[in-house]
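Single-structure report; data block below.
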Amino acid sequence: METTLKKNYDPKTFEKKVYQDWMDKDLFKADPNSEKEPFCIVLPPPNITGQLHLGHALDQTLQDILARFKRMRGFETLWLPGTDHASIATEVKVVDKIRQEQGLSKKEIGRDKFLKEAWAWRDNYGRRIVDQMKQLGNSCDWSRERFTMDDGCNKAVKEFFVRLYEKDLIYRGNRIINWCPDCKTSLSDIEVEHEEKDGKFWHVNYPIKDEDLYIEIATTRPETILGDTAVAVHPEDERYKHLIGKTVILPLLNREIPIIADEYVDSEFGTGAVKITPSHDPNDFEVGIRHDLPQIRVMNDNASINENGGPYQGMDRYEARKKMVDDLEKLGLIVTVKERVHNVGQCYRCNTAVEPITSEQWFLHMDPLAKPAIDAVKNGDTKFVPERFSKIYFHWLENIRDWCISRQLWWGHRIPAYYCQDCGEMMVLREVPETCSQCKGSNIFQDEDVLDTWFSSALWPFSTLGWPDKTPELDYFYPTSVLVTGYDIIFFWVVRMAFSGLEACQDVPFRHVLVHGLVRDAEGRKMSKSLGNGVDPLQVIDEYGADALRFILIQGNSPGNDLRFHDERLEASRNFANKLWNATRFLLMNLDGDMPLLSEGEHKLTFEDRWILSRLQRVEQEITSNLDKFELGLGLQKVFDFTWNEYCDWYIEMSKTRLYSDNEGARYTAQAVLMEVLQNILKLLHPFMPFITEEIWQNLPGERGNIMVAPWPETKTDWINPEAEEEMGQLVQVIKSIRNIRADMNVPASKKAALMVLNARKELRDTLHKGTPYLMSLASVSGVSFPNTKEMVPEQAVSISFAGAELFIPLEELVDIEKEIQRLDKEKQKLQGEIKRVQGKLKNKGFVEKAPADLVEEEKQKKIKFEEMLKNVEKRMEELQQ
RNA sequence: GGGGAAUUAACUCAGCUGGUAGAGUGUAUCCUUGACGUGGAUAAAGCCGUGGGUUCGAGUCCCUCAUUCCCCACCA
């Protein structure tokens, strides 16, 4: 029969077409009114700032595999896609763009026009990244695509914010926060990355008022001296006890500040005396509150020194530092300068050193929210896979501090707080108020700030399903089934979704969290722009196909572990696709026309038919179990092995005998089994490699729907056939032994040789009899004979050590008796070793008594087998030596 | 200062609930057999990091140490 498949697998020729077909048929669409059991994944929305990278590819491939698997298994499957507005990142990009194109700063262009530009960016790049996701093969319900700043999300954000505010969980306050002088916004604690840097530790003498005494402090940030409002010592520190309550003259500014006692001070560290700068250090801030110290902020938003800095006003923080050290030096107040590595906090977006600063911000009170989130994982409502990540989750939630949720940015959800210009009243409301609730004035303005991006991301699992409205989607799909994400954003996102979901919906947002690792380059380095070692998934798809890309991201990777990206592995996975492609081609070329069906007509199944069908059932069972347990890498490995090693290398090869024969019945049966197994392979592989499996499926004869929505193979346990597996195992072993010896002796396949079988047990004799055609085709055997006596075996024959029969291959002129004896001797030693080990085991009383009975029995059988083989070898050696 | 991960064949990695180690790549030799050389056959190659423990039995469970890599933490 003709086949429409080309000789080589070329994904470019069909991937786009296949995807379009799925789209045209609306196969990704999920129905919230379905009778089926729901399965739901919300896609971690990629930022609209960037291109799709390999991290996305891994994350999304995992989700797609689960979605496709569950869909085939009969679940109503919703994979809900979308994109994230990525407040800071996008704002920075748009600011850049405006500066480059229009030469204007953010302030110059103004809020309204800026937002217009930002939305244009979103339309442009948001669409682009969605197109890229489709190339991966994602089976998302695109009709439900969302954006973290769309109207629905905005409504959810406002609702959630107001509710929290009304419960006193959100408050506004002047507290110390992390400030990025470059992005000019506050940051949450996790948006600050700490890096060890070489720095200096300046020891400075602070003069004590009215006395000829100094108190020595140490600091890594001398510029903050300008904001000092006290010096603190430990109350029990004998060195300083007498100074407590005295006054210090702050150098350079000559301000008078007190010496106070506070347990926070570690007497062992530094000089044991600490300068206290409540406005520029989180600890000092706390000390300041305890001791009612004034807060003096000495920096502007760009980290230059402000009017409180006296002579240093206007200088950049580092410039001021240098100048102040010089000045202190001149005054003779620098006692010593030590080298010191210390942690510097940096902005996670722009790497600028973050400045702790007191500022008026909005905060989310975390303690009451954290507790239910901890409990939900403790009692198993949400499970981490692998489990170890729950530890990280607990640790973080147990030590959490209040979350600064306001940002001094324009791109984001604007905080729904409104102020009356006339009386100063503040209102937190779902809708913009027309008049002041207090004075009825109409001069109302909204809070300038927006919310942290992660505040809206935290609502993603339910805002996308319609919350706060009671929608059928929310009712049916919430809690979602599994969240798939990298370990690097557990803090940013998973934790926040957990407590938000519990607060808003009274239930966890997801039942499982499947955590994966990072994709690294071949050297194990993180892929990054600055290193230029990033691999573009789109280019990979272009060259090798999406299926090959998906394959290497999954194969050999276990949950939670990082993986390295190697080009060579791409070739290997492409080769696998090619193998499957050609196996199909082979089958199609050998059909007689119709679709051969195993379920129709009379079939005389051979032992190899029963074997492959039996193996198929087992593999189906195993893969299904692997996928249920999120062991995707193991599952894929099994389809791979079964397809290549068992189906292609053995079954297809054996089928040729019948396919090329004139016996129509036998031919049809072989075709039917080949087809049956192939179709199931395609199904098992479909979640992993959706394009090629669909394309092949469509090219099989007969009317058929899409494999994407075909039912997942159901294991037919009555097809599991241990006898056939045993029989096949024996034949394979004989064939391999023959091949082995022939290769060893350098006998080319073209030189056929007879196989002589003596003293065979009945079953083996039957097997070898039935297997004769395969011995001939696969082991270059010219024929199999069963002589009655040893005399019929020529002297110059090699023997194959095997249990259950004596096997000989007469290879007269090729056999060197001396060498043959040597070979047998090696064999003998090997067998003796085996026997010794098995005997040792069986002599061990503990083993015989405590090990499972079937295992003991197995060992006994082994012993018998090895002993028989040994006997044969020894006998043969004797014969040859005579 | 805490927490975690990794350590298995030359390389990159699998190895589920403990029962004498697997894959891909690479290497060697052979094969143009009517699906595939993006192929087939055969082979070589591992005291499963160290030291202990539990067990009849440990790559697999527990502890020690070593090396590497992450994450978290307000020591000025």
Side-chain angles (χ1 to χ4, degrees), chain A residues 3 5 7-9 176 189-190 194 201 217-221 224 232 264-266 268-271 273-277 281-286 342-343 345 356 386 388-389 391-392 395-396 399 401 487-488 490-491 517-518 522 524 552 555-558 560-566 568-569 571-590 622 625-626 629 631 633-634 637 640-641 645 648-649 652-653 656 660 736 739-744 746-750 777-780 834 837-838 841 844-852 855-856 858-859:
Chain A
T3 164
L5 297 186
K7 185 176 174 190
N8 279 327
Y9 160 72
I176 196 137
D189 292 343
I190 43 172
H194 295 274
F201 207 29
I217 61 91
T219 181
T220 54
R221 297 187 298 151
T224 62
Y264 149 72
V265 180
D266 177 1
E268 306 295 313
F269 188 83
T271 63
V274 188
K275 62 192 269 316
I276 300 297
T277 322
D281 183 280
N283 295 307
D284 294 5
F285 180 81
E286 299 297 330
H342 63 130
N343 260 335
R388 66 173 185 270
F389 288 103
K391 229 175 190 175
I392 300 179
H395 179 80
W396 200 71
N399 296 287
R401 305 204 302 179
Y487 59 69
D488 52 333
I490 291 177
F491 301 136
L518 270 35
I552 66 160
Q555 192 237 21
N557 183 236
S558 58
N561 285 5
D562 291 351
L563 71 99
R564 294 191 191 192
F565 194 89
H566 285 97
E568 313 88 74
R569 289 194 49 218
E571 273 178 43
S573 50
R574 194 250 346 246
N575 293 353
F576 173 59
N578 188 60
K579 186 75 181 173
L580 179 68
W581 186 265
N582 275 290
T584 308
R585 233 163 57 82
F586 166 78
L587 174 52
L588 294 180
M589 280 162 32
N590 285 287
E622 287 172 24
S625 149
N626 285 140
K629 289 187 283 186
E631 297 164 350
L634 282 178
Q637 187 63 43
F640 175 87
D641 289 341
N645 302 332
C648 291
D649 286 347
I652 286 186
E653 289 308 323
K656 287 177 180 173
Y660 300 156
K736 285 199 163 187
R739 283 170 174 175
N740 182 337
I741 283 182
R742 292 179 59 106
D744 211 39
N746 271 322
V747 188
S750 52
S777 63
L778 303 179
S780 302
E834 297 284 351
R837 228 207 34 252
V838 178
K841 249 185 162 173
N844 183 338
K845 268 194 180 166
F847 175 76
V848 179
E849 282 165 17
K850 293 187 181 172
L855 202 79
V856 177
E858 208 175 288
E859 291 296 321

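Here is the naming used below: chain letters follow the sequence lines, and residue numbers restart at 1 for every chain.
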| said: Need to verify one output field. Residue with the more 5' nearest nucleotide on RNA chain B, A:P852 or A:N557? | reply: A:N557
| task | Fill in the dot-bracket string of RNA chain B, one character per base: . for unpaired, | for a pair to another strand, ( ) or [ ] for pairs within the strand, taking Watson-Crick or G-U pairs under 3.5 Å. | result | (((((((..((((........)))).(((((.......))))).....(.(((.......))).))))))))....
| task | Examine the base of B:U12 for any acceptor or donor lying under 3.5 Å from a partner atom in the side chain of A:R564, and report the outcome as yes or no. | result | no
| query | Of the candidate nucleotides B:C36, B:U42, B:C16, which contains the atom at the shortest distance from the side chain of A:E631? | reply | B:C16
| field | Check: A:L634 and A:K629 side chains under 4.5 Å, non-hydrogen atoms | value | no
| ring-ring contact (aromatic ring centres under 6.0 Å, His included) partners for A:F285, two or more places apart | none
| field | A:K656 side chain, from C-beta outward: closest of B:A76, B:A35, B:U42 | value | B:A35
| query | Less than 5.5 Å between centroids and less than 30° between ring planes, does A:F640 satisfy that with B:A23? | reply | no
| Considering only side-chain heavy atoms of A:N740, which listed nucleotide, B:U42, B:C74, B:G19, is closest? | B:U42
| The side chain of A:L634 lies closest to which of these nucleotides: B:G15, B:C72, B:A76? | B:G15
| Choosing from B:G39, B:A35, B:A5, which nucleotide comes nearest the side chain of A:N575? | B:G39
| remark: Regarding the side chain of A:E568, the nearest nucleotide among B:A76, B:U25, B:U29 is B:U25
| With respect to the side chain of A:K629, which nucleotide from B:C75, B:C16, B:U42 is positioned closest? | B:C16
| request: From the options B:A41, B:A35, B:C74, select the nucleotide whose nearest atom is closest to the side chain of A:R401. | output: B:C74
| How would you list, by chain and number, every residue that makes a ring-ring contact (aromatic ring centres under 6.0 Å, His included) with A:F491, sequence neighbours excluded? | A:W396
| query | Looking at B:A14, B:C74, B:U29, which one has an atom nearest to any side-chain atom of A:N283? | reply | B:C74
| On RNA chain B, nearest-nucleotide positions of A:N626 versus A:V265: which is more 5'? | A:N626
| field | Rounded distance in Å between the C1' positions of B:G59 and B:G15 | value | 9 Å
| field | Given B:C74, B:A35, B:C75, the nucleotide with the shortest approach to the side chain of A:E653 | value | B:A35
